[in-house]
Amino acid sequence: MSEPKVTVCCTVNGQKVEADVVPRMSLADMLREELHLTGTHLGCEHGVCGACTIIVNGAPVRSCLMFGIQAEGAEIRTVEGLADGDTLSPLQRAFWEKHGLQCGFCTPGFLMLATWMLEQPEPVTEERLRHVLSSNLCRCTGYTNIVRAVTAAAKEMGKWAESAAA
Amino acid sequence: MGGIGRSVTRLEDPPLLRGQGRFAADIRFPGELHMRVVRSPIAHGRILEIDTADALDSPGVVAVWTGADVAEIPPIDFRQMRIPGLGDYRQPILAQGMVRYVGEPVAIVIADSPYAAEDAAELVFADIEELDPVMTAVQSPGEFAPGLTTEAGVVRKSYGDLPAAFAAAAHVFELELGVGRHTGVPMETRGAIGYWNADLNRLEMHGASKVPHANRLAIAKMLSLPPEQFHLFEGHVGGGFGIRGEVYPEDVLACLAALRLKRPVKWIEDRKEHLLAANHSRDQLHRLRAAVDANGVVLGIEDEFFVDQGGYVRTHASTVTDLTAGMLPGPYRVPAFAATGHIRLTNKTPAGTYRAPGRYEGTFVRERLMDHVADRLGLDRVEIRRRNLIPAEQIPFRRGLDALGTEVVYDSADFAGLLAKLEAGVDLPALEATLAARRAAGEKVGLGLAYFVEKSGLGPFDDVIITIAATGAVEIVTGAASVGQGVETVMAQVAASVLGVAHTDCTVVHGQTDRIARGMGAFASRVTVMTGAAVTMAAEKLKERLLAKAAQLLQGDRASITLDGCGIPLGELAAACAADDGTPALTAEASFTTDHMTYPYGVHLAVVRVDAETFGMVVERFVVAFDVGRSVNPMLVEGQIHGGAAQGIGGALFEEFIYSEDGQPLSASFADYLMPTLNEVPMVESLVLEDAPSPINPLGVKGAGEGGITAAGAAIASAIENAIQYRINIAQLPVTPARLRSMLQQASGS
Ligand code: FES
Ligand code: FES
């Protein structure tokens with residue numbers, strides 16, 4: 001293989017990293033294959049399922065739709081960075097306590113998307129939660145316990161607001 | 001302590017929450033090669049030539065093989081429910097002269113990176129002479145091969161005096177009902193890593209799931225390896241739903257390549273391949289006649305149905321057809337019954353089982369019939385069911401049919417009792433009044449419900465080995481498998497209940513063929529029932545040993561000693577027993593065997609709103625009442641119900657594999673094959689009952705894996721009709737907005 005490679009420098013979960021990648025390599029593949037961060041999953045590689053969701057420069061991104069080389073200089077957060085050592089984040093803990101995962105394949109994507117949502121200044125209402133989380137697919141949980149988990153985490157973090165309607 | 005009945009959090013979760021899962025694509029071996037499958041772009045044709053020269057010249061390519069290179073490998077055999085005549089319809093691992101569906105493997109490329117393999121695969125050119133495809137199961141059979149028609153087999157089941165039932169009928173109903181082609185679609189695509197382990201002089205397959213022991217024997221035979229030289233290893237599995245873990249061509253190809261090249265060969269499917277190549281399911285058309293008396297009691301059902309099997313008959317052989325026929329009468333008396341199921345080959349992706357195989361379809365058919373009878377006779381749709389249910393006094397009830405090779409005997413049930421509890425639980429009269437008021441105000445909103453009987457706990461056996469270490473740690477080794485449903489937690493809870501330890505002190509090993517000689521795997525909602533029973537038995541044996549040892553050490557009375565009250569730590573007792581045995585740790589084995597399945601049952605209730613302008617349908621409420629005999633972990637049972645319900649809603653309203661007339665698949669991405677998101681699924685409500693514990697296993701449990709999905713299509717169809725006040729008859733799933741619109745236009749035109 002003689003495809004020329006490009007060196008990408010970025011920050012992943014607070015650590016400066018470098019990867020030599022071919023320009024056509026997706027950011028998801030770069031994380032998984034070059035940086036060995038396999039917590040970011042690929043469920044479709046065409047931008048629909050959201051399993052590959054990570055946070056890039058403060059925004060949720062489908063890492064299957066971005067090239068590795070586009071991450072030059074970026075601040076990246078993945079599921080591996082959510083826990084603080086042994087301590088799970090409140091959202092991770094809520095997923096555990098509310099049975100918000102079964103096979104766990106979609107879970108990293110949901111965790112990253114919901115982590116981003118919970119960090120935004122606006123409060124989380126049921127409508128907003130449904131609106132945001134409906135961009136990812138889960139085939140096991142029927143979403144019911146994902147909603148319960150994210151709601152519980154939002155309440156614990158003081159981010160929950162009852163809907164105006166209803 | 002986390003024993004039976006407690007909603008403990010799962011042992012499985014911490015690594016999955018931290019991104020430390022080991023799914024197939026996460027497995028890496030040094031020096032691994034990557035396999036890419038070249039697939040047929042043609043639905044039906046004769047292969048004239050496959051040109052691999054350019055692919056072989058492509059950078060990084062190690063090998064390119066076509067059918068000719070694997071001609072000595074036999075086709076993939078059946079795992080269960082083989083019936084005479086099906087053998088000729090099995091699939092070769094690479095097409096041998098003919099292609100029979102778009103997506104059929106015709107060649108593989110092996111290269112040093114997945115990108116290189118994919119590039120080279122684009123350069124393989126298959127020259128295929130196109131033939132007319134067969135695209136429906138109902139048309140008259142075509143030719144599969146010289147001397148073989150596309151009707152691979154017929155399954156017939158019956159009981160009772162059907163002519164007498166029709167002679168006595170006040171009403172005869174004739175219905176044609178169909179369920180569309182959809183399937184499990186787990187979020188993790190398939191994957192297989194063949195690994196030649198030179199140190200142990202054996203071949204390994206990583207990324208296994210569902211039935212590792214059965215697949216070990218099947219693949220070893222195909223590769224002419226002694227089974228001792230081949231082992232399967234299950235890591236994390238991203239959802240199964242029946243379709244993952246059967247032997248597929250790609251699994252055998254990855255193993256064969258590793259064996260021939262003596263290097264690790266990794267195959268990870270992409271989503272398009274998954275939708276074209278992994279088992280499809282459902283896709284049945286039923287023609288039903290029913291004899292009904294003046295009170296709406298069904299006297300007899302005659303059903304002829306057609307199963308669209310796709311291009312080949314895969315590992316399940318006649319399973320889906322068999323289950324459809326054997327389970328169709330459901331919870332109703334139906335004194336006479338005959339079903340004829342045609343297994344028909346077409347030029348679509350081959351089909352197999354998907355969660356509640358045959359029951360999702362059969363329940364739709366039977367419950368639609370109940371609705372029709374009620375409507376025609378002017379009866380309430382709940383009342384018609386009450387009149388037909390098998391009364392509690394007749395349980396255990398011999399159905400007069402068999403399914404999966406076992407006699408269908410409803411082991412315990414109170415069908416009317418569950419219906420009454422659901423009616424009370426949702427306050428049905430009040431709910432109906434509210435919906436009527438909303439309809440009066442102009443909304444199109446309605447309610448439907450449907451009854452189902454499930455089956456679970458298929459035998460014939462399950463083995464378990466439990467070991468207690470001197471530290472007190474308990475290890476449970478089972479030949480079952482996990483597809484993400486919580487097997488480790490549940491088995492730990494069962495063992496903890498007997499041994500009086502914390503479930504967190506128990507570890508569970510599953511899906512590793514080198515740890516236990518035989519195993520049945522995870523399918524047909526069997527694990528909690530079968531493996532749970534074997535775990536109970538093995539743990540009871542250990543408990544007996546431990547108590548006897550404690551009595552001996554304390555010189556006390558065996559009958560008055562308890563494990564947690566004896567004052568001797570469990571590990572110490574276990575070590576003392578092991579010393580007696582001369583083994584490193586105390587071990588017990590047990591095997592649970594059964595000839596019968598156990599039958600959970602329940603009702604689905606749906607409230608659906610139809611948008612008058614877009615014909616979009618919104619499921620506002622979805623309630624599942626489900627008697628599982630006994631819940632080991634109620635939280636996990638509810639999780640199974642939620643997930644099943646969402647998939648059931650998908651099959652009722654959205655999911656369908658559509659083909660063009662010439663056999664091109666039009667649903668080959670997530671943009672075209674629509675699965676429900678959080679927008680389409682309400683918070684699923686569950687009413688889990690334990691009123692009818694199973695008398696045929698030591699825990700009284702029944703499998704909970706499938707009852708969340710079974711009646712969803714039937715309940716939603718009923719609710720839509722109710723929403724638009726019965727101006728149409730829904731006879732086909734999924735009910736898409738376009739179909740609903742044309743049905744309504746036809747109804748108002750006529
Ligand atoms: S893998 Fe990126 S959206 Fe599905
Ligand atoms: S938990 Fe399996 S896909 Fe979401």
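Order of the sequence lines fixes the chain letters, A, B, ..., with proteins taken first and strands second; residue numbering starts at 1 for each chain. Since we're looking at a predicted model, the values are computed, not measured.
Under the 4.0 Å criterion applied to side-chain N and carboxylate O atoms, B:Asp119 and B:Arg36 are not assigned as salt-bridge partners. Looking at A:Glu34 and A:Lys5, no side-chain N of the basic residue comes within less than 4.0 Å of a carboxylate O on the acidic one, giving no salt bridge. A salt bridge links A:Glu122 and A:Arg128; the closest N-O separation between the charged side-chain nitrogens and carboxylate oxygens is under 4.0 Å. A:Arg93 has a carboxylate O that lies under 4.0 Å from a charged side-chain N of A:Glu156, or vice versa, which qualifies the two as a salt bridge. A:Arg77 has a carboxylate O that lies under 4.0 Å from a charged side-chain N of A:Glu119, or vice versa, which qualifies the two as a salt bridge.
Of the two parts of A:Ala51, neither the backbone nor the side chain holds a non-hydrogen atom closer than 4.5 Å to a non-hydrogen atom of chain B. Heavy atoms of B:Thr189 lying under 4.5 Å from chain A belong exclusively to its side chain. Within the 4.5 angstrom heavy-atom criterion, only backbone atoms of A:Thr141 (N, CA, C, O) approach chain B. For A:His36, the part sitting under 4.5 Å from any heavy atom of chain B is the side chain, from C-beta outward, and nothing else. With a threshold of 4.5 angstrom between heavy atoms, A:Leu129 approaches chain B through its backbone and through its side chain. In this structure, no portion of A:Leu82 lies under 4.5 Å from any heavy atom of chain B. With a 4.5 angstrom heavy-atom cutoff, B:Gln20 does not touch chain A via any of its atoms. For chain B, the nearby parts of A:Val79 are the backbone and the side chain; heavy atoms of each come within less than 4.5 Å.
Among A:Ser134, A:Cys140, A:Gly81, the residue with the largest count of heavy-atom pairs under 4.5 Å with chain B is A:Ser134. Contact count against chain B (heavy-atom pairs under 4.5 Å) is highest for A:His99 among A:His99, A:Arg32, A:Glu45. For the options A:Gly43, A:Ser135, A:Gly39, heavy-atom pairs under 4.5 Å to chain B are most numerous at A:Gly43.
Between A:His46 and B:Phe670, the angle of the ring planes goes over 60°, which puts this pair in the perpendicular group of the 30/60° scheme.
Residues B:Glu269 and B:His274 have side chains that bring a donor and an acceptor to within less than 3.5 angstrom of each other.
The shortest heavy-atom contact between B:Pro682 and B:Ile649 is CD-CD1, 4.0 Å.
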